[in-house]
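Below is one structure, written out as structure tokens; comments come after it.
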Amino acid sequence: MKIIDLKDINFPTKKDEDFRKINLSPILEKEFEYSKNYKLDLELEESHSILCRTNELVKINERLNTKNYELNIKEDSQEPIIIIHKLENENSINTNSLRITVSKDVKASVVEVFINKKNNNFYSVNREFNLLENSSLEYLKIEDLEENNSLLINYVNNLADNSKLNHTNFELGKGFALSIYNTSLEKENATLTINGFVNLKQSANSSSIFNTVHENKNNRSQIRYKHILNDSSKAVFEAMSKVNEKAFYSKVYQSTDTILLSDDATIFAKPHLEINIDELEASHGATTGSLNEEQLLYLQSRGIDKQKAKEILLKAIENEILDTILDSKIKDFVIDYKRSSYV
């Protein structure tokens, strides 16, 4: 079976603005043996309501009869909820849809790890985060895919008054990943923070699309990504933050910085703001380059060999994103993470 053959889905093409630099054909036209709706090893409620359809790719799970589940977090998290996605089969489409709701005044922490043990697999994952009044969610996603494995993940974020979502991504490995983030800040005093560290090797391909709309006053959004691209890897960063007429005193920030470690590595970065008011704080920017030669020479002058000096500078870039994690237990999870522990 091929994903492209699913009915009633208008799959995006390079004619669509967000997908001009993203080639979905190798995934959509790949022949898989079967599809599987997998359930997480958690106490979940089955939901009879459909997750928000923010783009056509969300429909993949619907067409494959994926069940929608709900995780309702009603108490503060003493330990992070850890979800490990590890595929045991080969040549398959694997779907999962989950709505996570954090109750009023609750502080929650969730970790998801996407990894593969077998080859030629495709994840199609939908996530909807509902943060009720004065709640907070610390969320970490680690994706560590081998070559010939793919992940498509759609996020829909709904933030109530005074709620906070701190979302951190660590994207590693050699596979293909497309992450789409849709957020409408319709309430007041909400904070959306998305930070990412992308470290790709060989012919890995990672694309991130962010669509954020400020609808009401005193909301804050910040998107910050760091890329390290090796070999012939490729990354895409597409961010659109729109501030509407009633979103007074918004704070809107976008930034992406990329280190290219190979002449064959490629980054396409497009941070973009659409602002319809004057009363706000906003900034956006993108940088691309190589490691700082002066810093390398300085470390070498201190007796550190060139390879070790490179590793130190690259680790410092990773630590900039690591330090944005507020939950110390989640930060420790990242520090201790080893792929070999799960495969």
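Hydrogens, waters and symmetry mates play no part in the numbers below; they use all other heavy atoms, side chains included. When a residue number appears, it is its place in the shown sequence, counting from 1.
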Residues 282-293, side-chain donor-acceptor partners within the protein, below 3.5 Å, at least two apart:
unit_1: T287; atom_1: OG1; unit_2: D257; atom_2: OD1; d: 2.5
unit_1: N292; atom_1: OD1; unit_2: E294; atom_2: N; d: 2.9
unit_1: N292; atom_1: OD1; unit_2: Q295; atom_2: N; d: 3.0

Between K86 and Y342, is there a donor-acceptor pair closer than 3.5 Å when you use the side chain of the first and the backbone of the second?
-> yes
Exercise for the section: Would you please classify the geometry between the F210 ring and the F237 ring as parallel, tilted or perpendicular, with 30° and 60° separating the classes? Expected result: tilted
Rounded to the nearest 0.5 angstrom, the OG-CD1 distance for S135 and I73 is 9.5 Å
**Report entry** K141 charged N/C atom sitting above Y139 aromatic ring, 6.0 Å / 45°
**Finding:** no
Output a table of donor-acceptor pairs, distance under 3.5 Å, between side-chain atoms of residues 261-275 and any protein atom two or more places apart or on a different chain; print 'none' if there are none.
unit_1: S262; atom_1: OG; unit_2: D231; atom_2: O; d: 2.8
unit_1: S262; atom_1: OG; unit_2: D264; atom_2: N; d: 3.0
unit_1: K270; atom_1: NZ; unit_2: E17; atom_2: OE2; d: 2.4

- request: Could you check if a side-chain atom of F170 sits within less than 4.5 angstrom of a side-chain atom of V334, using non-hydrogen atoms only?
  value: yes
Side chain to side chain donor-acceptor pair (under 3.5 Å) filter on S109, not counting sequence neighbours, yields D327
**Asked** Would E311 and Q307 satisfy side chain to side chain contact (heavy atoms under 4.5 Å, CB included), going step by step from the backbone distance to the final call?
**Response** CA-CA 6 Å; E311 292 174 4; Q307 182 58 37; 3.5 Å; yes
Step by step, work out the side chain to side chain contact (heavy atoms under 4.5 Å, CB included) result for T212 and I223. CA-CA 10 Å; T212 308; I223 300 167; 4.1 Å; yes
message = Taking NZ in K36 as the centre, count heavy atoms belonging to other residues, nucleotides or ligands within less than 6.0 Å. Is the count above 12?
response = no
Here the gap from K30 atom NZ to S25 atom OG, rounded to the nearest 0.5 Å, amounts to 13.5 Å
side-chain contact (heavy atoms from CB on, under 4.5 Å) filter on N130, not counting sequence neighbours, yields R99, T101, E128, N158
* Show the numbers, then the answer: is there a side chain to side chain donor-acceptor pair (under 3.5 Å) between N157 and T183? => CA-CA 5 Å; N157 303 315; T183 308; 2.9 Å; yes
Residues passing the salt bridge (charged side-chain N to carboxylate O under 4.0 Å, His left out) test with E56, sequence neighbours excluded, are K59
Here the gap from E279 atom CD to Y249 atom OH, rounded to the nearest 0.5 Å, amounts to 6.0 Å
Sequence neighbours excluded, the answer for salt bridge (charged side-chain N to carboxylate O under 4.0 Å, His left out) partners of E146 is K174, R339
Those residues at least two apart in sequence (or on a different chain) that pass ring-ring contact (aromatic ring centres under 6.0 Å, His included) with F11 are none
Side chain to side chain, L57 and L178, heavy atoms closer than 4.5 Å
yes
Quiz item: Would you call the rings of Y181 and Y155 parallel, tilted or perpendicular if under 30° counts as parallel and over 60° as perpendicular?
Solution: parallel
Are F176 and P26 close enough that some pair of their side-chain heavy atoms sits under 4.5 Å apart?
no
Any donor and acceptor pair, going by atom type alone, linking the side chain of N37 with main-chain N or O of T95 inside 3.5 Å? yes
- Item | K15 backbone acceptor or donor facing T13 side chain under 3.5 Å | yes
Residues passing the side-chain contact (heavy atoms from CB on, under 4.5 Å) test with E90, sequence neighbours excluded, are K118
Under 3.5 Å, which donor-acceptor pairs do the side chains of residues 198-206 form with other protein atoms, sequence neighbours left out?
unit_1: N199; atom_1: OD1; unit_2: N230; atom_2: ND2; d: 3.4
unit_1: S206; atom_1: OG; unit_2: E171; atom_2: OE1; d: 2.3

Members sharing V58's hydrophobic cluster, built from side-chain contacts under 4.5 Å between Ile, Leu, Val, Met, Phe, Trp and Tyr, are none
Nearest heavy-atom approach of V110 to I83 is CG1-CD1, 4.3 Å
Compare all side-chain heavy atoms of F19 with those of E238 and state whether any distance is below 4.5 angstrom.
no
Note: K74 and V106 closest approach over all heavy atoms is O-CG2, 3.4 Å
- Checking side chain to side chain contact (heavy atoms under 4.5 Å, CB included) for the pair L322/F197: CA distance, chi angles, key distance, verdict? CA-CA 8 Å; L322 180 65; F197 175 71; over 6 Å; no
- [ ] I would like to know whether R224 and Q222 meet side chain to side chain donor-acceptor pair (under 3.5 Å); could you show each step before the answer?
- [x] CA-CA 6 Å; R224 183 186 183 198; Q222 178 167 341; over 6 Å; no
Hey, are the side chains of F122 and L152 touching, using non-hydrogen atoms and a 4.5 Å cut-off?
yes
Closest heavy-atom pair, L132 versus K104, reported as atoms and distance to 0.1 Å, is CB-N, 3.7 Å
Could you check whether any side-chain N or O of D323 sits under 3.5 Å from a backbone N or O of E320, counting only pairs where one atom can act as donor and the other as acceptor?
no
Is the side chain of D305 donor-acceptor paired with the backbone N or O of K308 at a distance under 3.5 Å, no angle test?
yes
CD (Q254) and CD1 (I194) are apart, to the nearest 0.5 Å, by 10.5 Å
| Which word best sums up how the rings of F114 and Y123 line up, parallel for under 30°, tilted for 30 to 60°, or perpendicular for over 60°? | perpendicular
Hits for salt bridge (charged side-chain N to carboxylate O under 4.0 Å, His left out) against E79, two or more places apart or cross-chain, chain-then-number order -> K329
E46 and K67 have their tightest heavy-atom pair at OE2-CD, 3.7 Å
N/O donor to acceptor pairs below 3.5 angstrom from side-chain atoms of residues 159-167, sequence neighbours left out:
unit_1: D161; atom_1: OD1; unit_2: E188; atom_2: N; d: 2.7
unit_1: S163; atom_1: OG; unit_2: A160; atom_2: N; d: 3.1
unit_1: S163; atom_1: OG; unit_2: A160; atom_2: O; d: 2.7
unit_1: N166; atom_1: ND2; unit_2: E138; atom_2: OE1; d: 3.4
unit_1: N166; atom_1: ND2; unit_2: E138; atom_2: OE2; d: 2.8
unit_1: N166; atom_1: ND2; unit_2: T324; atom_2: O; d: 3.1
unit_1: H167; atom_1: NE2; unit_2: N169; atom_2: OD1; d: 2.9

Quiz prompt | Side-chain heavy-atom pair I209, I22 within 4.5 angstrom cut-off | solution = yes
Check your understanding: So, do L71 and I81 sit near enough that their side-chain heavy atoms are less than 4.5 Å apart?
Key -> yes
For N121, does its backbone N or O pair with a side-chain atom of N149 as donor and acceptor, under 3.5 Å? yes
Q. Between N219 (side chain) and S250 (backbone), is there a donor-acceptor pair under 3.5 Å?
A. no
- Query: Quick one: does K315's side chain get under 4.5 Å of I312's, heavy atoms only?
  - Reply: no
Q) Quick check: does any side chain N or O of K234 sit under 3.5 Å from a backbone N or O of K21, one acting as donor and the other as acceptor? A) yes
Check against side chain to side chain contact (heavy atoms under 4.5 Å, CB included), S92 and F32: CA-CA 5 Å; S92 60; F32 294 98; 5.6 Å; no
Check: Does E31 CD have over 12 foreign heavy atoms under 6.0 Å away?
Finding: yes
In terms of heavy-atom contacts, N216 and E186 come closest through ND2-O, 3.1 Å
Q) Where the side chain of N276 meets the backbone of V243, is there a donor-acceptor pair that is under 3.5 Å apart? A) yes
